[in-house]
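In what follows, residues are counted from 1 in the order of the sequence shown. Nothing here was measured: the structure is a model prediction, and the numbers come from that model.
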Amino acid sequence: MMTPVSGLMGLASRSGQIILGAELTLQEIRSGRAGLVLLDEGASEGTKKKILDACAYRGVPAHMLPAGEISRACGKEDRMAAAVKKGKLCSRMAELLSNAEA
């Protein structure tokens, strides 16, 4: 199942507005550049905890996505985490995710 942000993730990936991979996502959160974090449900518990703790500490919203969606939307294999850089695309994705959860 694809969520409403799948298309925007592909666009963000092509325009360099999304950072893929758990370690790089952590770097983006710590540097203050991440406006939104996306996590794959299939990520290991350790990865989820590290990233969610960093998000909570820095006040960055984090959303869980269905297993494999980040990889499919961005066209890269085995990506479990993504950080979206602050900006209009990030705001739109956050808005869509909030509406989907409501």
Margin query: Show, in sequence, the C-alpha distance, side-chain angles and deciding distance for I18 and I70, and conclude whether the side-chain contact (heavy atoms from CB on, under 4.5 Å) test is met.
Written below: CA-CA 11 Å; I18 197 166; I70 295 171; 5.9 Å; no
Item checked: Worked check of side-chain contact (heavy atoms from CB on, under 4.5 Å) between R30 and R58 -> CA-CA 7 Å; R30 290 178 184 140; R58 301 273 183 197; 4.0 Å; yes
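At least one side-chain heavy atom of K50 sits under 4.5 Å from a side-chain heavy atom of E23. Side-chain contact check for E45 versus K48: some heavy-atom pair is nearer than 4.5 Å.
The two residues S6 and A73 come nearest to each other via the heavy atoms O-CB, 3.6 Å. Taking both residues in full, the closest heavy atoms of A81 and A22 are given as CB-CA, 3.9 Å, listed atom of the first, atom of the second, then distance. Taking all atoms of both residues into account, the shortest heavy-atom contact from D78 to S71 is N-OG, 3.3 Å. Taking every heavy atom of both residues into account, A83 and E28 meet most closely at CB-CB, 3.8 Å. Residues C90 and K85 share a closest heavy-atom pair of CB-O, 3.1 Å. Here the closest non-hydrogen pair linking D40 and P66 is OD2-O, 3.9 Å.
Evaluated for a side-chain contact (heavy atoms from CB on, under 4.5 Å) with L38, the options M80, E69, R79, H63 yield exactly one hit, H63.
With rounding to the nearest 0.5 angstrom, the CD atom of Q17 is 12.5 Å from the CG atom of L36.
V60 belongs to a hydrophobic cluster whose other members, connected by ILVMFWY side-chain contacts under 4.5 Å either directly or through intermediates, are L26, I29, V37, L39, I51, L52, M64.
Neither I19 nor M93 shares a network with the other; the hydrophobic side chains, linked directly or stepwise wherever heavy atoms of I, L, V, M, F, W or Y lie under 4.5 Å apart, form separate groups for each.
When atom types are taken as modelled, the side chain of S15 and the backbone of L11 share a donor-acceptor pair closer than 3.5 angstrom. With hydrogens and angles disregarded, no donor-acceptor distance shorter than 3.5 Å links the side chain of S13 to the backbone of M9.
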